[in-house]
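Structure record follows, encoded as structure tokens.
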Amino acid sequence: MILFKRTTDLHKYLDAQRQTGKKIGFVPTMGALHDGHLSLIRQSKSITDLTVCSIFVNPTQFNDPRDFEKYPVTPDQDIALLVAAGCDLLFLPAVSEIYPEGLQPTMQYDLGRMETLLEGKFRPGHFQGVCQVVHRLLDSVMPGDLFLGQKDYQQCMVITRLIELIGYKEKTRVHICPTLRETDGLAMSSRNRRLGTTERAVAVTIYQALCFIREELRPGDLARLKEMARKQLASKGFRVDYLEIADAGRLDPCPSWDGKQKLVALAAAFLGEVRLIDNLPLN
Ligand code: AMP
């Protein structure tokens with residue numbers, strides 16, 4: 001695996017590779033890698049010629065400075081995992097490399113209602129930060145294929161929108177890959193490392209609450225079902241940001257269901273200081 005720290009070096013190398021006809025796949029991450037990330041690497045390797053992974057803990061997408069400070073950083077372990085997975089290139093830039101002009105936004109992305117719903121509502125500015133970094137990374141890597149995890153359901157929608165906004169739609173195909181889970185069902189996440197033993201045992205309730213919604217879903221009013229699931233989380237000590245049943249395509253919250261509309265259940269909740277998110281397509 002080749003490690004790049006500078007955008008210009010990476011860009012030059014990839015340009016030469018592209019000219020020889022190589023198909024480039026890209027997996028952007030914030031590191032503290034787990035098997036969920038590696039599943040994206042494997043997916044990229046199966047359909048492209050050259051897989052690029054980036055590790056960059058992006059300061060502009062953290063609305064909570066403490067969350068940024070506490071974000072796990074495990075470069076040596078990450079490099080070993082990427083080598084073992086057969087990743088071809090790692091881009092590991094410093095903050096000054098991605099934001100040479102400073103952290104102030106240089107442009108505003110029109111994300112429409114996405115910024116007012118769910119993660120957008122509870123993490124103001126978060127998706128603008130995601131767009132800033134992904135825009136810069138796309139300009140550096142210029143991948144033909146981009147691999148994202150469904151674990152971050154709304155982020156997949158935002159990045160798909162970004163790709164339209166910045167004119168990458170014809171150049172880059174987006175692949176949304178399934179969520180990998182621990183054996184008890186907890187969605188794999190870098191933030192799981194921050195959970196204590198007791199919290200880790202309880203954390204799976206978030207997935208169980210989503211499964212409960214999927215099992216109990218019936219046409220009609222959804223308020224009671226949402227309330228029951230929310231209570232399951234609260235009773236285990238979660239502080240719930242949202243637990244919502246939404247239209248799978250637009251993410252508008254659904255007060256009721258006609259039995260046909262495609263739905264997804266999404267949750268974000270704190271266990272102690274750690275904020276976990278998960279989602280489950282329902283039908
Ligand atoms: P992150 O490092 O958390 O920013 O995630 C980098 C990429 O990995 C994003 O596209 C995530 O959606 C994806 N990802 C994170 N967790 C999982 C998981 N459990 N299963 C599949 N993909 C994941």
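Whatever order the structure lists them in is the order used to number ligands and atoms, beginning at 1.
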With a 4.0 Å cut-off on heavy atoms, does P178 reach ligand 1?
yes
Per-atom filter on ligand 1: closer than 4.0 angstrom to a heavy atom of T29 are 2 (O), 6 (C)
Proximity of H34 to ligand 1 by residue part, where a heavy atom lies under 4.0 Å
side chain
Less than 6.0 angstrom separating the ring centers of Y242 and F122, yes or no?
yes
Looking only at distances, can you tell me whether any N or O atom of F147, backbone or side chain, sits closer than 3.5 Å to an N or O atom of ligand 1?
no
Under 3.5 Å, is there a donor on one side chain and an acceptor on the other for T7 and E97?
yes
For D152, atoms of ligand 1 separated by under 4.0 Å from a heavy atom:
11 (C), 12 (O)
Checking contacts here: is it the side chain or the backbone of H37 that comes within 4.0 Å of ligand 1, counting heavy atoms only? Could be both or neither.
side chain
Would you say ligand 1 has an N or O under 3.5 Å from any N or O of M30?
yes
Modelled atom types, side-chain donor and acceptor of H135 and Y109, under 3.5 Å:
yes
From CA spacing to verdict: side chain to side chain contact (heavy atoms under 4.5 Å, CB included), C53, T29
CA-CA 7 Å; C53 175; T29 81; 3.9 Å; yes
Has P28 got any heavy atom lying under 4.0 angstrom from an atom of ligand 1?
yes
Just to verify, which of L282, I245, L251 counts as forming a side chain to side chain contact (heavy atoms under 4.5 Å, CB included) with V264?
L251
So which protein heavy atom does atom 20 (N) of ligand 1 come closest to, and at what separation?
L180 N, 2.8 Å
Single hit among Q61, R275, R191 for side chain to side chain donor-acceptor pair (under 3.5 Å) with D67:
R191
With ring centroids as reference points, do F147 and F26 lie under 6.0 angstrom apart?
no
Trace of the ring-ring contact (aromatic ring centres under 6.0 Å, His included) decision for F56 with F91
CA-CA 8 Å; F56 181 65; F91 183 40; 8.3 Å; no
Which protein heavy atom lies closest to atom 22 (N) of ligand 1, and at what distance to 0.1 Å?
G149 CA, 3.6 Å
Specify side chain, backbone, both or neither for L40, according to which of its non-hydrogen atoms lie closer than 4.0 Å to ligand 1.
side chain
What I want to check is whether the side chains of R194 and S189 have a donor and an acceptor closer together than 3.5 Å.
no
If you measure from each non-hydrogen atom of M188 to ligand 1, which part falls under 4.0 Å: side chain, backbone, both or neither?
both
Just which atoms of ligand 1 are under 4.0 Å from any heavy atom in G36?
18 (C), 20 (N), 21 (C), 22 (N)
